[in-house]
Colleague: 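Once you've had a glance at the structure underneath, I'll fire off some questions.
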Protein chains: 2
Amino acid sequence: MKRRTASRRRGEELEQAILDAVWAEFSEVGFAKLTMEGVAKRAGTSKPVLYRRWSSRVEMLISCIASRIPKADAVPDTGSLRGDMVALLTVARERMTLIGQTAMLGMLAEVSKDPDVREVLLGGLASELVNLLYQVVYRRAIDRGELAEEHLTPRLLRLPTDLGRSEFLLFGTISDEAIDSIVDEVILPALRARGAAV
Amino acid sequence: MKRRTASRRRGEELEQAILDAVWAEFSEVGFAKLTMEGVAKRAGTSKPVLYRRWSSRVEMLISCIASRIPKADAVPDTGSLRGDMVALLTVARERMTLIGQTAMLGMLAEVSKDPDVREVLLGGLASELVNLLYQVVYRRAIDRGELAEEHLTPRLLRLPTDLGRSEFLLFGTISDEAIDSIVDEVILPALRARGAAV
DNA sequence: TCGTTAAGATACGGCTCGTATCTTGCTAGG
DNA sequence: CCTAGCAAGATACGAGCCGTATCTTAACGA
């Protein structure tokens, strides 16, 4: 545990060093074997320092991922709802792949009892995509005249992320063919059924 | 650990006593706190006896659930595909509720690395529902003339279970309203889009 | 300069893991 | 009926990790 240098890190510098260590440890040993002791050791610090910041490894990992995952704030404008939808699911795949199937399931499992933490996890990762869907993809489609606001329902707002997540949690990946079939066989028909011209 | 009686159980009798203990322990303390030691204690036996049969708590729990969960071999014939579909999702909800959200996520997480064990888990639980969907619900619809074989795709065969599981893994339950919206806003439109008269 | 804060080290009891060892009850083959 | 073998069951072990308490000391701020 003893660090080589005599200097003592604090605040932001320390925080970043820890999060780096979390990520390194996570990448190397995986979610199941990610331990507070391992992270402390790798970061050259000690467990109390970690517990002063996070009360569990899940919270710590969520912080780490939140600081590492690229913000999902843009989806290329492909000129059609279908194209945009494929692009959105591709973004979703990239984000989830960064975390990994096992870690995602593990985090969901550890978090499933605690609605507060669950909100943080889902709010930080999934809802960003939902917002993107609603405020970018669907809005563009409305502007294009493919869609009207009243065609949308809560279920249709969740559908793309639900199907993407479901696919990923089961198989650990989302193939291009899967994206196509999700869009062409499910999402677009569901929108058309409510009157959309997509 | 010492049992009261002098008798020594063996074979099937012992196996059942252990599985009973697993279920009791699981129901009482939940998945996260389910330990080999706890089960051994409750069953009045010892860890080596458990490890001779299962190599991990997940395998043990899967055995337990497989022996306890009712077989999904029937869905009431409601006279319409819509009604049957709602009934199927209701069956799915009951089965998943028996296991619980946290346990389901936990098992999936621990099993996600090992494709073999995953097959056992999903094959024993999910695919039973998929078969039911294909061999009962869809078949009836075909007989009624609501549907034709060529309207179905692999995606449409998975869609109902995917959406049900997704809902359950996120919320820990599936409300009646959720079932309705899944059926009416997603599944049926997707079938109609391929030509079905449902 | 000096008091406050937090880093970092260490140690603790506790739990669970997975395995090894040993005795002993049960059972099947003769 | 006897005996040999097998598995049940008890126990103990080192290991790892948990979460917390305690202590020293470096860094910072007023």
Side-chain angles (χ1 to χ4, degrees), chain A residues 1-22 24-26 28-63 103 106-107 109-111 113-114 117, chain B residues 1-22 24-26 28-61 63 102-103 106-107 109-111 113-114 117:
Chain A
M1 297 247 185
K2 193 151 280 176
R3 300 191 67 234
R4 307 143 212 83
T5 73
S7 78
R8 177 176 289 187
R9 301 157 300 177
R10 302 175 75 89
E12 193 58 31
E13 181 196 0
L14 176 60
E15 190 108 357
Q16 270 311 312
I18 293 173
L19 291 181
D20 286 349
V22 173
E25 194 77 1
F26 172 58
E28 197 166 299
V29 305
F31 175 75
K33 292 181 182 170
L34 183 72
T35 67
M36 297 301 246
E37 300 205 318
V39 169
K41 189 171 189 176
R42 187 186 283 261
T45 181
S46 58
K47 284 193 292 175
V49 175
L50 304 184
Y51 279 105
R52 278 179 203 124
R53 292 177 163 71
W54 305 280
S55 65
S56 71
R57 68 173 192 155
V58 173
E59 279 186 27
M60 186 175 69
L61 183 56
I62 290 177
S63 282
M107 291 198 297
E110 289 193 25
V111 139
K113 295 175 201 164
D114 190 332
V117 188
Chain B
M1 299 248 185
K2 193 151 279 177
R3 300 192 66 234
R4 307 147 213 80
T5 73
S7 79
R8 177 175 289 184
R9 302 158 299 180
R10 301 175 76 90
E12 193 56 32
E13 181 196 358
L14 175 60
E15 190 107 357
Q16 271 310 313
I18 293 173
L19 291 181
D20 286 348
V22 173
E25 195 77 1
F26 172 59
E28 197 165 298
V29 305
F31 175 76
K33 292 181 182 171
L34 183 73
T35 68
M36 297 301 246
E37 302 206 318
V39 170
K41 189 171 189 176
R42 186 186 283 262
T45 182
S46 58
K47 285 194 291 175
V49 175
L50 304 184
Y51 280 104
R52 278 178 203 126
R53 292 177 162 72
W54 304 280
S55 65
S56 71
R57 68 174 192 153
V58 173
E59 278 187 27
M60 186 175 68
L61 183 56
S63 283
T102 307
M107 291 197 298
E110 289 193 25
V111 140
K113 294 175 201 162
D114 188 333
V117 188

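Keep in mind the model is a prediction, meaning the values are calculated, not measured. Just so it is clear: chains get the letters A, B, ... in the order the sequence lines come, proteins before strands, and each one is counted from 1. Computation of the quantities below employed the complete heavy-atom set of this structure, encompassing side-chain atoms and omitting hydrogens, waters and symmetry-equivalent molecules.
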Colleague: Heavy atoms from C-beta onward define the side chain here; which of C:dA7, D:dA8, C:dA9 lies closest to that of A:Arg8?
Modeller: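 Among C:dA7, D:dA8, C:dA9, the one nearest the side chain of A:Arg8 is C:dA7.
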Colleague: A:Arg9 side chain N/O closer than 4.0 Å to the phosphate oxygens (OP1, OP2) of D:dA27?
Modeller: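 No, because none of the side-chain N or O atoms of A:Arg9 sits under 4.0 Å from OP1 or OP2 of D:dA27.
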Colleague: Find the distance B:Glu15:CD to D:dA7:C1' and express it as a whole number of Å.
Modeller: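 Rounding to the nearest Å, CD of B:Glu15 and C1' of D:dA7 are 13 Å apart.
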Colleague: Does D:dA8 have OP1 or OP2 sitting under 4.0 Å from an N or O in the side chain of B:Arg53?
Modeller: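 Yes.
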Colleague: Go through C:dA7, D:dA10, D:dA8 for me and flag the one nearest to the B:Arg52 side chain.
Modeller: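 Selected nucleotide: D:dA8.
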Colleague: Can you tell me the distance, in whole Å, between the CD atom of B:Glu13 and the C1' atom of C:dG25?
Modeller: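 Whole-Å distance recorded here is 13 Å.
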Colleague: Starting from P on C:dA9, measure out to CG on A:Leu50 and report it in whole angstrom.
Modeller: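 Computing the A:Leu50:CG to C:dA9:P distance gives 12 Å.
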Colleague: As an exercise, state the distance from CE of B:Met107 to CZ of B:Arg57, rounded to the nearest 0.5 Å.
Modeller: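 Separation between the atoms: 10.5 Å.
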Colleague: To the nearest angstrom, how far is B:Glu110 atom CD from C:dC17 atom C1'?
Modeller: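 It is 13 Å, rounded to the nearest whole Å.
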Colleague: Is there a side-chain polar atom (N or O) of A:Thr45 under 4.0 Å from OP1 or OP2 of C:dG8?
Modeller: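 So the side chain of A:Thr45 is within the cut-off, an N or O lying under 4.0 Å from OP1 or OP2 of C:dG8.
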Colleague: Among D:dT11, D:dA21, C:dG8, find the nucleotide with the atom closest to the side chain of A:Leu14.
Modeller: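 Between D:dT11, D:dA21, C:dG8, the one nearest the side chain of A:Leu14 would be C:dG8.
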Colleague: What pairs with B:Thr35 under side chain to side chain contact (heavy atoms under 4.5 Å, CB included), at least two apart in sequence or on another chain?
Modeller: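 Per chain and number, B:Thr35 pairs via side chain to side chain contact (heavy atoms under 4.5 Å, CB included) with B:Glu37.
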Colleague: Report the C-alpha separation of B:Arg9 and B:Thr45 in whole Å, then their side-chain angles, then the decisive distance to 0.1 Å, and conclude whether the side-chain contact (heavy atoms from CB on, under 4.5 Å) test is met.
Modeller: CA-CA 10 Å; B:Arg9 302 158 299 180; B:Thr45 182; 4.2 Å; yes
Colleague: Quick one: A:Lys41 NZ to D:dG16 C1', roughly how many Å, whole number?
Modeller: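 Computing the A:Lys41:NZ to D:dG16:C1' distance gives 11 Å.
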Colleague: Taking N or O atoms only and anything under 3.5 Å, show me the protein contacts with nucleotides 17-19 of chain D, one pair per line.
Modeller:
from   : atom 1 : to      : atom 2 : distance (Å)
D:dC18 : OP1    : A:Met36 : N      : 3.3
D:dC18 : OP2    : A:Met36 : N      : 3.2
D:dC18 : OP2    : A:Glu37 : N      : 3.3
D:dG19 : OP2    : A:Tyr51 : OH     : 2.2
D:dG19 : O5'    : A:Tyr51 : OH     : 3.4
D:dG19 : N7     : A:Lys47 : NZ     : 2.9
D:dG19 : O6     : A:Lys47 : NZ     : 2.7

Colleague: A side-chain contact here means heavy atoms from C-beta on lying under 4.5 Å apart; do B:Val22 and B:Trp54 qualify?
Modeller: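 SC-SC contact between B:Val22 and B:Trp54 ruled out.
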Colleague: So do B:Glu25 and B:Lys41 actually touch side chain to side chain, heavy atoms under 4.5 Å?
Modeller: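 No, their side chains stay 4.5 Å or more apart.
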Colleague: Could you grab the distance from atom CZ of B:Arg42 to atom CZ of B:Phe26, nearest 0.5 Å is fine?
Modeller: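 The distance works out to 12.5 Å.
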Colleague: So B:Leu14 and B:Arg53, do their side chains get closer than 4.5 Å, heavy atoms only?
Modeller: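 They are in contact (side-chain heavy atoms under 4.5 Å apart), so the answer is yes.
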Colleague: Taking atom C1' of C:dA6 as reference, at what distance in whole Å does atom CZ of A:Arg10 sit?
Modeller: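 So the two atoms are 5 Å apart, to the nearest Å.
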